[in-house]
Amino acid sequence: MIFGVDPGLLAGLFAVAVAAGCVDAIAGGGGLLTLPTLLLAGLDPVSAIATNKLQGSAGAVSSTVAFARRGLIHWPAAWKIAVSAGIASIAGALCVSLLPRPVLDAGVPILLIGIAVYFATARRMSAEDATARMTPALFALTWAPAVGFYDGVFGPGAGAFYMIGFVTLLGLGVVRATAHTKLANAASNLGSLALFALGGHVVWTIGLVMAVGAILGAQIGARLAIRLGARLIRPLLVTIACAMAIRLLSDPANPLRHAVAGLFVGP
């Protein structure tokens, strides 16, 4: 046993974190792999979410560093967006019990499917930048904190929401948009992680082992994203957004699932 955890379990969780870190660096959605795995490993839901935030934060920081080394992050604007997202995520985590969860459960899958359709059909998904529809300062005051707040409250799909903002509102090319998304993701993950850590919910032995795996996977994923660009990022974004929507709708308690089922089942 290593600090009370079976070494075989740690090895399996490390491998899952490597795969999730790679996927997360390209298109987000690594939590689709890690969170269910942590629950299967025996962690209670709160500890699983908190520990997942630790490994997810490590992966996001790692991929951000990889993108930054290639000069793909415009720091004068990006740091303001990141700070805004991080502060908003803390506010979201503090307000989690005050917001109507059924609305999020029903609405987010629809948004994710819409994002998948957009990325599947958008003509602007290329490495070239386009004309921005708003300034970075306005983006830092509107879209970034909105997504950061959502990330603190709920989380699934936050990377896709950041991505569509960077592409459609700031006009960034797909690779640069991915780089800036990872920075914003890192900030909002770290914000909510801080609250989980203060609450004593993080299982540090598991989280740190998975963090090392996520760092390694993120480096691999970032390099693949830089090398292959839209050819890899676009289809993976569509796949991940659809997978997250299906995952949310698979919950028997999801109100949208009940509403759709009610259309086909008589009273």
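Since we're looking at a predicted model, the values are computed, not measured.
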**Report entry** Separation of Leu54 CG from Leu190 CG (nearest 0.5 Å)
**Finding:** 9.5 Å
Requested in this report: Would you name the heavy atoms of Ile73 and Ala78 that are closest together and state the gap between them?
Outcome: CG2-CB, 3.6 Å
Requested in this report: List the steps and the verdict of side-chain contact (heavy atoms from CB on, under 4.5 Å) for Leu72 and Thr178.
Outcome: CA-CA 9 Å; Leu72 293 168; Thr178 301; over 6 Å; no
Query raised in the report: When you look at Val175 and Ile233, which way does the side-chain contact (heavy atoms from CB on, under 4.5 Å) test go after all the steps?
Result: CA-CA 8 Å; Val175 178; Ile233 297 171; 4.3 Å; yes
Requested in this report: Step by step, work out the side-chain contact (heavy atoms from CB on, under 4.5 Å) result for Val174 and Met163.
Outcome: CA-CA 8 Å; Val174 65; Met163 185 73 175; 3.7 Å; yes
Query raised in the report: With sequence neighbours left out, which residue pairs that include part of residues 60-87 fulfil the ring pair (Phe, Tyr, Trp, His ring centres under 6.0 Å) condition?
Result: none
**Report entry** Main-chain N/O of Ala48 paired with Thr51 side-chain donor or acceptor, under 3.5 Å
**Finding:** no
Query raised in the report: How are the rings of His201 and Phe196 set relative to one another: parallel (under 30°), tilted (30 to 60°) or perpendicular (over 60°)?
Result: perpendicular
Query - Flag, side chain of Lys80 to backbone of Phe139, donor-acceptor distance under 3.5 Å - result: no
Query - Nearest non-hydrogen partners of Pro145 and Ala140, listed with the distance - result: CD-O, 3.2 Å
Query raised in the report: Is it true that a side-chain atom of Ser62 and a backbone atom of Gly59 form a donor plus acceptor pair closer than 3.5 Å?
Result: no
Requested in this report: Give the intermediate values and the outcome of side-chain contact (heavy atoms from CB on, under 4.5 Å) for residues Leu32 and Val23.
Outcome: CA-CA 10 Å; Leu32 286 171; Val23 171; over 6 Å; no
Query raised in the report: Does Gln219 offer a backbone N or O that forms a donor-acceptor pair with the side chain of Arg223 under 3.5 Å?
Result: yes
Report task. Give a yes or no answer on whether the side chain of Trp143 reaches the backbone of Phe161 with a donor-acceptor pair at less than 3.5 Å. Result -> yes
Query raised in the report: Considering the options Leu33, Leu39, Asn189, Thr34, which one meets the side-chain contact (heavy atoms from CB on, under 4.5 Å) requirement together with Asn52?
Result: Thr34
**Report entry** Distance, nearest 0.5 Å, that separates NE2 of His180 from OG1 of Thr64
**Finding:** 10.0 Å
Query raised in the report: Okay, side chain of Asp129, backbone of Leu172: is any donor-acceptor separation there less than 3.5 Å?
Result: no
Requested in this report: Check Ala184 against Ala85 and note the closest heavy-atom contact, atom names and distance.
Outcome: O-CB, 4.1 Å
Query raised in the report: Shortest non-hydrogen contact from Gly30 to Asp24?
Result: N-OD1, 3.1 Å
Query - Backbone N/O of Leu141 and side chain of Ser84: donor-acceptor pair under 3.5 Å - result: no
